[in-house]
Amino acid sequence: MPKAKGKNRRQKYSYNLNRKRLYRSARRRAAPRIACSHIRHAWDPTKSVAQNLAEMGLAEDPNKAVPIPKKKLLGMEVESSGWEQGKKIVRKPYVVNEMEYEASLPEKKSNTLSRDLIDYVRYMIQNHGENYKEMARDEKNYYQDTPKQIKRKINVYKNFYPEEYKDFIASLKQEKMDVQ
């Protein structure tokens with residue numbers, strides 16, 4: 001398939017184009033990226049960032065919102081800060097309330113172990129019990145883990161799935177009793 005005509009040619013630099021002005025105007029038009037959905041829904045694009053945040057009861061500059069108290073050199077008395085003076089009217093308090101509620105929710109544990117690691121640990125415990133040296137010599141020890149590394153993996157499994165581990169150990173004891 002032939003190439004399109006004129007594609008090989010180098011493009012000429014346009015000296016008459018003012019790139020600084022183009023860049024500035026593009027930046028000015030772009031709306032701020034807001035990660036929090038509560039703030040995004042309450043945002044008014046006709047107002048400035050400072051005005052929007054003040055209406056929601058949020059601080060634009062944390063250093064001005066909670067000033068560091070200045071200590072006197074001789075005594076340890078703290079000067080009164082201007083915190084009480086600069087109170088502003090909060091027109092959208094629901095934003096802060098929703099954010100506080102969301103922050104107070106307990107965090108879900110998203111940490112899980114891979115299915116391969118779980119199967120590996122269960123196999124080792126099932127065949128070798130608590131003998132880590134024997135586990136290190138096992139042919140299924142593909143990564144050539146040392147006894148300490150295997151012990152660490154088993155402890156991680158115990159910490160992540162304590163109920164499952166207890167049930168697994170109980171089933172192993174039950175199998176031993178049935179065999180005898």
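Between M56 and W43, some side-chain heavy-atom pair lies under the 4.5 Å cut-off. For the pair L172/Q126, a side-chain contact is recorded, criterion being any heavy-atom separation below 4.5 Å from C-beta on. Between L117 and S114 there is a side-chain heavy-atom pair separated by less than 4.5 Å. V96 places none of its side-chain heavy atoms less than 4.5 Å from the side chain of V90. Residues T112 and F160 are not in side-chain contact: their nearest non-hydrogen atoms beyond the backbone lie 4.5 Å or more apart.
Here the CG-CG distance, from L58 to N52, works out to 10.0 Å after rounding to the nearest 0.5 Å. Atom SG of C36 sits about 8.5 Å away from atom CD of E98, to the nearest 0.5 Å. The distance from the CG atom of D116 to the OH atom of Y123 is 15.0 Å, given to the nearest 0.5 Å. Atom-to-atom distance recorded for N127:CG and M135:CE is 9.0 Å, nearest 0.5 angstrom. Here the CG-CG distance, from D138 to N131, works out to 11.0 Å after rounding to the nearest 0.5 Å.
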Acceptor/donor pairs from residues 147-158 side chains to any protein atom, 3.5 angstrom cut, sequence neighbours excluded:
{"unit_1": "Q149", "atom_1": "OE1", "unit_2": "T146", "atom_2": "N", "d": "2.8"}
{"unit_1": "Q149", "atom_1": "OE1", "unit_2": "T146", "atom_2": "OG1", "d": "3.4"}
{"unit_1": "K153", "atom_1": "NZ", "unit_2": "D145", "atom_2": "OD2", "d": "2.7"}
{"unit_1": "N155", "atom_1": "ND2", "unit_2": "K151", "atom_2": "O", "d": "3.4"}
{"unit_1": "Y157", "atom_1": "OH", "unit_2": "R122", "atom_2": "NE", "d": "3.2"}
{"unit_1": "Y157", "atom_1": "OH", "unit_2": "E164", "atom_2": "OE2", "d": "3.0"}

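Q51 places a side-chain N or O within 3.5 Å of a backbone atom of S48 that can act as its donor or acceptor partner.
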Between S104 and E100, is the side-chain contact (heavy atoms from CB on, under 4.5 Å) condition met? List the steps. CA-CA 6 Å; S104 69; E100 285 176 350; over 6 Å; no
side-chain contact (heavy atoms from CB on, under 4.5 Å), that's the test. Do E55 and K47 meet it? Break it down for me. CA-CA 10 Å; E55 279 188 355; K47 295 181 181 174; 2.3 Å; yes
Apply side-chain contact (heavy atoms from CB on, under 4.5 Å) to I39 and M99, showing your working. CA-CA 9 Å; I39 295 175; M99 289 173 68; 4.0 Å; yes
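Heavy atoms from other residues, nucleotides or ligands lying under 6.0 Å from CZ of R91 number 12 at most. Under a cut-off of 6.0 angstrom, the local environment of CD1 in I68 is sparse, with at most 12 non-hydrogen atoms contributed by other residues, nucleotides or ligands.
A side-chain donor from one of T46 and D44 sits under 3.5 Å from a side-chain acceptor of the other. Between the side chains of Y132 and E130, a donor-acceptor pair is found at a separation under 3.5 Å. For the residue pair N159 and Y165, no side-chain donor N or O sits within less than 3.5 Å of a side-chain acceptor on the partner.
Residues K140 and M124 share a closest heavy-atom pair of C-CE, 4.4 Å. Here the shortest heavy-atom pairing between K92 and A42 reads NZ-O, 2.6 Å.
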